[in-house]
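For reference, the structure is listed below as structure tokens.
Just so you know, these numbers use all the heavy atoms, side chains as well, and skip hydrogens, waters and symmetry mates. It should be emphasised that the depicted structure is a prediction, and the values quoted were computed from it without experimental measurement. Each ligand, and each atom within it, is numbered from 1 in the order the structure gives.
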Amino acid sequence: MGQFAVIGLGRFGSAASLELMRLGHSVIGVDINAKIVNQIADQLTLAAVADATDEHALKDLNITACDAALVAMGESLEASILCVLLLKSMDIKEIWVKATSKPHHTILSRIGVSRIIHPEEEMGMKVAQSLSYPMVNQYMSIGHSLYVVEIKITEKCQGISIAELLKEVKDSIDPLLVRRKKTIFKRIEPSFTLEMDDSLVLAGSLNALKTIAPRLA
Ligand code: ATP
């Protein structure tokens, strides 16, 4: 179990803090707005009304003991940057920050934080990709144009084997597993036959995945 600080409990910060709690972590939530804090207080380990640019307030809340901090104040560039500088001076190693503009991103990358998040852009790209490939339930970029994707098997490719599905791209895509209702099949052989509603997890290059996409839709 980790201990996290979430600074700014707007839509983004509150969703992140509730998910961290659901995953079994301890979360200190901070917001300057008492109404917002009161709405979420009973769902977090600790929720406090405080100005995140006030060093004493952050120290009083024992933010220094946190493994990681998520700064989710998008609108106020000044508050976000000041807060990041304070967290860095408190020697918090893992600092993730929501950025809302290019200048915000530039300053954060110059100061040096663990990760800069652009929720709207990242979500926009995910939505576009889901619209473009509706059969892809989930995907994860693992860098260098490589992805892990979970694909729902539809009527179109039920009954076909993995070898047939991946025939032109068998060297560029690895089938990792198939989930069929509650059963997980690992070490998938080329002869494995897919059934309707199977979830197939593949790892491979974007180009190779695009090659097989028309066969799946
Ligand atoms: P979202 O999209 O997540 O709702 P947003 O990008 O519009 O949020 P803001 O409105 O700037 O971002 O801020 C998110 C939260 O941060 C708000 O609840 C706000 O009260 C809080 N906040 C802003 N400034 C401070 C500050 N100095 N200290 C603590 N909390 C702050």
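In this comparison of E78, R11, M73, K35, the heavy atom closest to atom 31 (C) of ligand 1 sits on M73. Between the choices N33, D31, L58, the shortest heavy-atom distance to atom 19 (C) of ligand 1 belongs to D31.
Considering backbone and side-chain atoms together, A52 places an N or O closer than 3.5 Å to an N or O of ligand 1. Considering backbone and side-chain atoms alike, I7 places every N or O at 3.5 Å or more from each N or O of ligand 1. Inclusion of K98 in the set of residues having an N or O under 3.5 Å from an N or O of ligand 1 is warranted. Residue E120 has no nitrogen or oxygen atom sitting less than 3.5 Å from a nitrogen or oxygen atom of ligand 1, judged on distance alone. Some N or O of F12 is nearer than 3.5 Å to an N or O of ligand 1, by distance alone.
Residues I212 and L202 meet the side-chain proximity criterion, which asks for heavy atoms closer than 4.5 Å. At a threshold of 4.5 Å between non-hydrogen side-chain atoms, the residues L18 and L44 count as touching. Contact of the I81 side chain with the H104 side chain is registered, since non-hydrogen atoms from C-beta on lie closer than 4.5 Å.
Salt bridge K167/E164: absent, no basic N to carboxylate O contact under 4.0 Å.
Of all heavy-atom pairs between S109 and I116, the closest is N-CD1, 3.8 Å.
Within 6.0 Å of atom NZ in K210, 12 or fewer heavy atoms from other residues, nucleotides or ligands are found, so the atom counts as exposed in its surroundings.
In this structure, the protein non-hydrogen atom closest to atom 10 (O) of ligand 1 is E75 CG, 3.7 Å. The protein atom (non-hydrogen) at minimum distance from atom 16 (O) of ligand 1 is G8 CA, 3.4 Å. With hydrogens left out, the protein atom closest to atom 30 (N) of ligand 1 is I32 N, 3.1 Å, a heavy atom.
Using 4.0 Å as the threshold, A50 has a heavy atom nearer than that to some atom of ligand 1.
The backbone N or O of I28 lies less than 3.5 Å from no partner atom in the side chain of T45, so there is not a single donor-acceptor pair. Proximity of a side-chain donor or acceptor of R215 to a complementary backbone N or O of C157 within less than 3.5 Å is not detected. No donor-acceptor pair under 3.5 Å is formed between the side chain of S80 and the backbone N or O of S76.
Set against the non-hydrogen atoms of D51, the atoms of ligand 1 under 4.0 Å away are 26 (C), 27 (N), 28 (N). Within the listing of ligand 1, atoms 18 (O) sit less than 4.0 angstrom from a heavy atom of I36. In the vicinity of G74, heavy-atom distances shorter than 4.0 Å reach the ligand 1 atoms 6 (O), 9 (P), 11 (O), 12 (O).
Using a 4.0 Å cut-off between heavy atoms, A72 contacts ligand 1 through its backbone alone, with no side-chain atom that close.
Note: F4 and H25 have perpendicular aromatic rings, judged against thresholds of 30 and 60 degrees for the angle between ring planes.
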